[in-house]
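See structure below.
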Amino acid sequence: MDMRARVNTALKQAMKDKAAERLSTLRLINAAIKDRDIAVRGSGDEEAACCGDAEVLAILGKMTKQRQESARAYEEGGRLDLAERERQEIAVIEEFLPKQLDEEEVENAVRAAITATGAGSIRDMGKVMGELKARYTGQMDFGKVGPMVKDQLCAAGNC
């Protein structure tokens, strides 16, 4: 089942269960996906009339990151009730994301991507990141992976 169908199925179930908070978050996810569809449709590319699973995963990852930042800001402002609401939304969104890789798995994936691309210097960092994004979209935080790739490429001695 593709991501869009999974979200719609969960949305219908939340309506049946009368789970208001869950329903609200699922509607936000649906709206973000439809916004992306509209943006793609406006570009004139007929084949890309709707976004695929990889784009939906990217949207969900972005939504999670936004909510984590909001929760942090609410905590700093003393609004623990709003921070808890953001965490509940994160929990619903993460149901649709693939399992996050742990640190050791990320390091192994980085090494494998460096080997697969034949990267030998820091100039090849884009190739390595492209390889990782193609294989592990939604499974790792690429903001944290970038420095790891850079460190491993520098360790090879060509910084």
Side-chain angles (χ1 to χ4, degrees), residues 1-43 48-114 125-154:
M1 184 183 318
D2 71 334
M3 293 298 294
R4 194 181 297 258
R6 285 180 55 204
V7 171
N8 284 328
T9 302
L11 185 98
K12 290 174 187 173
Q13 189 60 46
M15 283 182 197
K16 289 177 186 175
D17 297 343
K18 298 185 187 329
E21 290 86 17
R22 181 173 172 76
L23 181 62
S24 171
T25 303
L26 291 168
R27 284 182 172 154
L28 286 172
I29 293 170
N30 240 359
I33 293 170
K34 288 180 182 177
D35 284 345
R36 181 70 182 136
D37 284 344
I38 291 168
V40 169
R41 199 176 321 139
S43 69
C50 62
C51 56
D53 282 354
E55 288 182 74
V56 172
L57 287 174
I59 291 167
L60 294 175
K62 183 177 178 184
M63 290 177 76
T64 301
K65 188 173 278 192
Q66 288 171 340
R67 277 148 187 79
Q68 288 169 341
E69 291 171 5
S70 295
R72 200 172 309 117
Y74 288 139
E75 283 177 350
E76 290 171 3
R79 297 295 309 267
L80 300 179
D81 56 327
L82 294 175
E84 183 58 32
R85 167 99 173 123
E86 294 293 325
R87 282 198 194 85
Q88 290 171 351
E89 288 185 5
I90 289 170
V92 173
I93 294 168
E94 285 181 340
E95 290 176 20
F96 300 98
L97 289 172
K99 178 186 135 323
Q100 294 292 305
L101 300 176
D102 64 29
E103 193 145 343
E104 184 178 327
E105 291 172 321
V106 171
E107 288 178 23
N108 291 337
V110 168
R111 276 194 288 281
I114 289 172
M125 186 169 171
K127 289 182 196 174
V128 175
M129 291 300 288
E131 175 78 13
L132 289 169
K133 285 183 180 181
R135 290 187 183 185
Y136 300 103
T137 298
Q139 294 180 298
M140 58 176 72
D141 181 1
F142 290 102
K144 294 177 183 173
V145 171
M148 290 174 72
V149 171
K150 189 174 185 179
D151 290 344
Q152 288 197 19
L153 289 173
C154 285

Item to complete: For the pair Glu89 and Arg85, find out whether any cationic side-chain nitrogen is under 4.0 Å from an anionic carboxylate oxygen.
Response: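 Judged by the 4.0 Å cut-off on N to carboxylate O distance, Glu89 and Arg85 do form a salt bridge.
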
Taking atom [atom1] of [X] and atom [atom2] of [Y], what is their separation to the nearest 0.5 Å?
| X | Y | atom1 | atom2 | answer |
| --- | --- | --- | --- | --- |
| Glu105 | Glu107 | CD | CD | 11.0 Å |
| Leu57 | Lys62 | CG | NZ | 15.0 Å |
| Ile114 | Lys127 | CD1 | NZ | 12.5 Å |
| Leu11 | Ile29 | CG | CD1 | 9.0 Å |
| Thr25 | Met63 | OG1 | CE | 7.5 Å |
| Thr64 | Ile93 | OG1 | CD1 | 4.5 Å |

Discussion item. Walk me through whether Val128 and Gln152 qualify under side chain to side chain contact (heavy atoms under 4.5 Å, CB included).
Written reply: CA-CA 11 Å; Val128 175; Gln152 288 197 19; over 6 Å; no

Between [X] and [Y] (side chain of the first, backbone of the second, donor and acceptor by atom type, cut-off under 3.5 Å), is there such a pair?
| X | Y | value |
| --- | --- | --- |
| Arg27 | Leu23 | no |
| Asp53 | Met3 | yes |
| Ser24 | Ala20 | no |

Practice prompt. For Lys65 and Glu69, run salt bridge (Lys or Arg N to Asp or Glu O under 4.0 Å): C-alpha distance rounded to whole Å, both residues' side-chain angles, the deciding distance at 0.1 Å, then the answer.
Written response: CA-CA 6 Å; Lys65 188 173 278 192; Glu69 291 171 5; over 6 Å; no

I need the minimum non-hydrogen distance between [X] and [Y], along with the two atoms involved.
| X | Y | answer |
| --- | --- | --- |
| Leu26 | Val7 | O-CG1, 4.3 Å |
| Met125 | Gly146 | CE-O, 3.2 Å |
| Ile59 | Ala32 | CG2-CB, 3.7 Å |
| Asp2 | Ala5 | OD1-CB, 3.0 Å |
| Leu132 | Ala109 | CD2-O, 3.6 Å |
| Tyr136 | Phe142 | O-CZ, 3.8 Å |

Worksheet item: Under 6.0 Å from the CZ atom of Arg111, do we count more than 12 heavy atoms belonging to anything else shown?
Response: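 Check passes, neighbour count above 12.
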
Fill in: side-chain contact (heavy atoms from CB on, under 4.5 Å), paired with Val106, selected from Met140, Lys144, Gln139
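Of the listed residues Met140, Lys144, Gln139, the side-chain contact (heavy atoms from CB on, under 4.5 Å) partner of Val106 is Met140.
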
Item to complete: Could you give me the CA-CA distance, side-chain angles and deciding distance for Val149 and Glu131, then say whether side chain to side chain contact (heavy atoms under 4.5 Å, CB included) is met?
Response: CA-CA 12 Å; Val149 171; Glu131 175 78 13; over 6 Å; no

Worksheet item: How far apart are the C-alpha atoms of Ile38 and Arg41, what are their side-chain angles, what is the distance that settles it, and do they pass the side chain to side chain contact (heavy atoms under 4.5 Å, CB included) test?
Response: CA-CA 5 Å; Ile38 291 168; Arg41 199 176 321 139; 4.2 Å; yes

